[in-house]
**Q** 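My structure is below; once you've seen it, I'll send some questions.
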Amino acid sequence: MKKEVHKEVHDDATTHSQLTMQVVEHVRALIAKGEVKPGDRLPPERELARELKISRSSLRAGIGFLSAMGVLKSRHGAGTFVSSGPPALDSSSLSVLGALHGFLPWQMFEARLVLESNVAALAAERATDEHIAELAEEVAEMYAALDDPQEYLIHDVRFHRTIARAAGNPILGALMETITANLYGYRSKTVQNAQDLKESAEMHREIYRAIRSHNPAQARQTMEQHLKLASKAQAAETDLTAVPHPDEDTPEAIPTSTT
């Protein structure tokens with residue numbers, strides 16, 4: 001029997017981020033029409049990929065984005081579910097995402113350095129036991145995903161989103177959501193070339209410890225150190241990305257991770 005191979009229907013100019021946003025818009029439409037509600041499970045990956053005419057790996061990129069943004073939650077062996085609470089798909093972080101794609105990586109990291117180091121200090125002052133428990137969980141998940149860069153990135157982004165919430169300032173939180181959305185969209189294209197995710201996980205653990213200890217000065221300093229190292233790491237990943245990130249449908253073309 002001849003095996004049917006499902007291919008994405010798009011021209012060569014279609015970018016990874018466009019495919020990701022295609023998935024985002026489709027899920028947004030499902031929720032807007034009431035076809036799925038908070039707590040509901042999404043249709044199976046195979047069904048969604050067929051409906052969108054994209055590969056399952058491109059579908060997973062979009063689901064990964066929505067998971068990192070807190071819109072979806074994946075449960076091992078159970079499927080992908082719409083989160084019960086905020087943020088919603090119509091939040092500012094997603095509505096302005098398209099405008100952010102023109103930002104350069106160094107500009108994003110400079111903005112993060114100014115903003116997020118101080119957000120971390122506020123989180124150290126204001127974090128609740130619940131926030132601290134969430135940060136601990138994300139750090140543990142990062143260590144568990146050292147051999148899976150894309151999964152690692154999802155927990156990395158969730159960690160930073162939790163810090164933004166722990167800071168207790170909705171204006172700073174909205175700004176961080178915007179930057180985090182851009183960070184995920186850009187980094188997901190390069191993270192497969194990550195050289196040392198263990199070092200990154202250790203830096204996140206140090207930030208967590210400073211917040212857990214309610215030490216604002218240490219949280220600020222550790223976050224600054226992390227962001228400077230992260231900027232260098234992403235530049236190195238980008239240098240290794242000579243071609244667009246290949247699709248999972250052609251696994252032989254995926255660059256070998258050195259994590």
**Q** Output the distance between atom CD (Glu134) and atom OG1 (Thr162), rounded to the nearest 0.5 Å.
**A** 5.0 Å
**Q** Return the minimal non-hydrogen interatomic distance between Ala201 and Tyr152, and the atom names on each side.
**A** N-OH, 3.0 Å
**Q** At their closest point, which heavy atom of Ala49 faces which heavy atom of Arg56, and how far apart are they?
**A** CB-CG, 3.9 Å
**Q** Can Thr80 and Arg41 be said to form a side-chain contact (heavy atoms from CB on, under 4.5 Å), step by step?
**A** CA-CA 6 Å; Thr80 302; Arg41 184 173 63 180; 5.8 Å; no
**Q** Give the intermediate values and the outcome of side-chain contact (heavy atoms from CB on, under 4.5 Å) for residues Arg205 and Arg209.
**A** CA-CA 6 Å; Arg205 182 172 60 185; Arg209 286 174 173 170; 3.7 Å; yes
**Q** With distance as the sole test, does Ser117 use its side chain to make a donor-acceptor pair with the main-chain N or O of Leu113 at under 3.5 Å?
**A** yes
**Q** Identify the two heavy atoms, one from Glu125 and one from Pro216, that lie closest to each other, and give their separation to 0.1 Å.
**A** CG-CG, 3.4 Å
**Q** Is the His204 ring parallel, tilted or perpendicular to the Phe159 ring (thresholds 30°, 60°)?
**A** perpendicular
**Q** Does the ring center of His226 lie less than 6.0 Å from the ring center of His160?
**A** yes
**Q** Is a donor on one side and an acceptor on the other found under 3.5 Å between the side chain of Arg165 and the backbone of His131?
**A** no
**Q** Could you tell me whether a side-chain N or O of Lys53 sits under 3.5 Å from a main-chain N or O of Arg50, the two making a donor and an acceptor?
**A** no
**Q** Could you measure the distance from the CD atom of Glu110 to the OG atom of Ser231? Nearest 0.5 Å is fine.
**A** 10.0 Å
**Q** Can you name the one residue among Glu151, Lys73, Arg158 that meets side-chain hydrogen bond (donor to acceptor under 3.5 Å, both in side chains) with Ser67?
**A** Arg158
**Q** Using modelled atom types and a 3.5 Å cut-off, is there a donor and acceptor pairing between side-chain atoms of Asp40 and backbone atoms of Lys37?
**A** yes
**Q** Using the rule that Ile, Leu, Val, Met, Phe, Trp and Tyr join whenever any side-chain heavy atoms are under 4.5 Å apart, tell me whether Met203 and Leu227 fall into a single cluster.
**A** no
**Q** Tell me, with the steps shown, if Leu153 and Val157 meet side-chain contact (heavy atoms from CB on, under 4.5 Å).
**A** CA-CA 6 Å; Leu153 179 59; Val157 172; 4.1 Å; yes
**Q** What's the shortest heavy-atom distance between Ala210 and Gln218, and which atoms?
**A** CB-CG, 3.7 Å
**Q** Would you say that Glu202 contacts Lys198 through its side chain, given a criterion of any heavy-atom pair below 4.5 Å between the two side chains?
**A** yes
**Q** His214 side chain to Ala124 main-chain N or O, any donor-acceptor pair under 3.5 Å?
**A** yes
**Q** Find the distance between CD1 (Ile63) and CG (Leu42) and round it off to the nearest 0.5 Å.
**A** 6.0 Å
**Q** Step by step, would you call Met142 with Leu197 a side-chain contact (heavy atoms from CB on, under 4.5 Å)?
**A** CA-CA 9 Å; Met142 279 187 264; Leu197 289 179; over 6 Å; no
**Q** How about CD on Glu35, more than 12 heavy atoms from neighbouring residues, nucleotides or ligands closer than 6.0 Å, or not?
**A** yes
**Q** Could you measure the distance from the CZ atom of Arg212 to the CD1 atom of Ile207? Nearest 0.5 Å is fine.
**A** 13.5 Å
**Q** When rounded to the nearest 0.5 angstrom, what distance separates CD in Glu141 from CD in Glu138?
**A** 6.5 Å
**Q** Between Gln192 (side chain only) and Pro149 (backbone N and O only), is there a donor and an acceptor less than 3.5 Å apart?
**A** no
**Q** For Val114 versus Asn118, what's the shortest heavy-atom pair and its separation?
**A** O-ND2, 2.8 Å
**Q** Quick check for you: to the nearest 0.5 Å, what is the distance between Leu59 atom CG and Ile54 atom CD1?
**A** 5.0 Å
**Q** How close do Val82 and Ile31 get, counting heavy atoms only, and between which atoms?
**A** CG1-CD1, 3.9 Å
**Q** Could you see if Leu72 belongs to whatever hydrophobic cluster contains Phe81? Use Ile, Leu, Val, Met, Phe, Trp, Tyr and a side-chain cutoff under 4.5 Å.
**A** no
**Q** Going by heavy atoms in the side chains, are Phe109 and Lys228 under 4.5 Å from each other?
**A** no
